[in-house]
Peer 1: 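Sharing a structure with you now.
What you see is a predicted model, and the numbers here were worked out from it, not measured in a lab.
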Amino acid sequence: MPTPPKKLRKHYTNNDHPAVILRFEDGHEIAVPKGTSKSFDAYEGETVKVLAVYDKKTGERELLVTKKAGEFPDG
């Protein structure tokens, strides 16, 4: 039986965009408004997409970066 991946506590700060969405592999999302920080749990090796939202009415998102969970600062 394989060992489950390690759970990590990480942190993201949004200083540049009106809103940022962190989208995880399982589909759940965390919204981070401008000027705020959020801590979150992720699994080691999990891919997280960082998406900018400029207009909430349109629902359009711009991919800023794709990172592995371990690349975020510890939270």
Peer 1: For residues K10 and G70, report the shortest heavy-atom separation together with the two atoms involved.
Peer 2: NZ-O, 3.7 Å
Peer 1: Should K49 and E25 be marked as a salt bridge (charged side-chain N to carboxylate O under 4.0 Å, His left out) after you check the CA-CA gap, both sets of side-chain angles, and the distance that decides it?
Peer 2: CA-CA 8 Å; K49 292 182 180 181; E25 286 181 4; over 6 Å; no
Peer 1: Kindly compute the distance separating CG (L8) from CZ (F72), expressed to the nearest 0.5 Å.
Peer 2: 11.0 Å
Peer 1: Does E60 have any side chain to side chain contact (heavy atoms under 4.5 Å, CB included) partners at least two apart in sequence or in another chain, and if so, which?
Peer 2: T58
Peer 1: As a quick check of understanding, evaluate side-chain contact (heavy atoms from CB on, under 4.5 Å) for V20 and V50, giving each step before the final call.
Peer 2: CA-CA 7 Å; V20 168; V50 181; 3.5 Å; yes
Peer 1: Given the rule that I, L, V, M, F, W and Y join up when any side-chain heavy atoms are under 4.5 Å apart, are V65 and I30 in one cluster?
Peer 2: yes
Peer 1: Hydrophobic clusters here meaning ILVMFWY residues chained together by side-chain heavy-atom distances under 4.5 Å, can you tell me if V32 and L51 are in one?
Peer 2: no
Peer 1: Between L63 and I21, is there a shared hydrophobic cluster once you connect ILVMFWY residues whose side-chain heavy atoms come closer than 4.5 Å?
Peer 2: yes
Peer 1: I need the E46 CD to K6 NZ distance, nearest 0.5 Å.
Peer 2: 15.0 Å
Peer 1: So which heavy atom on H11 is nearest to which on D74, and how close?
Peer 2: CB-O, 3.8 Å
Peer 1: With sequence neighbours left out, write down each residue that passes side chain to side chain contact (heavy atoms under 4.5 Å, CB included) with K34, or none if nothing qualifies.
Peer 2: N14
Peer 1: Might you point out which heavy atoms bring S39 and G75 nearest each other, and give the distance in Å?
Peer 2: OG-CA, 4.1 Å
Peer 1: Could you pull out the closest heavy-atom pair between A19 and K56, with the gap in Å?
Peer 2: CB-CE, 4.4 Å
Peer 1: Just how far is it from atom OH of Y12 to atom CZ of F40, taken to the nearest 0.5 Å?
Peer 2: 9.5 Å
Peer 1: Assess whether atom OH of Y43 is packed by more than 12 heavy atoms of other residues, nucleotides or ligands within 6.0 Å.
Peer 2: no
Peer 1: Measure across P18 and V53 and return the closest heavy-atom pair with its distance rounded to 0.1 Å.
Peer 2: CB-O, 3.8 Å
Peer 1: Which atoms form the tightest heavy-atom contact between T13 and S37, and what is the distance?
Peer 2: OG1-OG, 2.8 Å
Peer 1: Any salt bridge between R61 and E29, counting N to O under 4.0 Å?
Peer 2: yes
Peer 1: Do you see a donor-acceptor pair shorter than 3.5 Å between the side chains of T47 and K67?
Peer 2: no
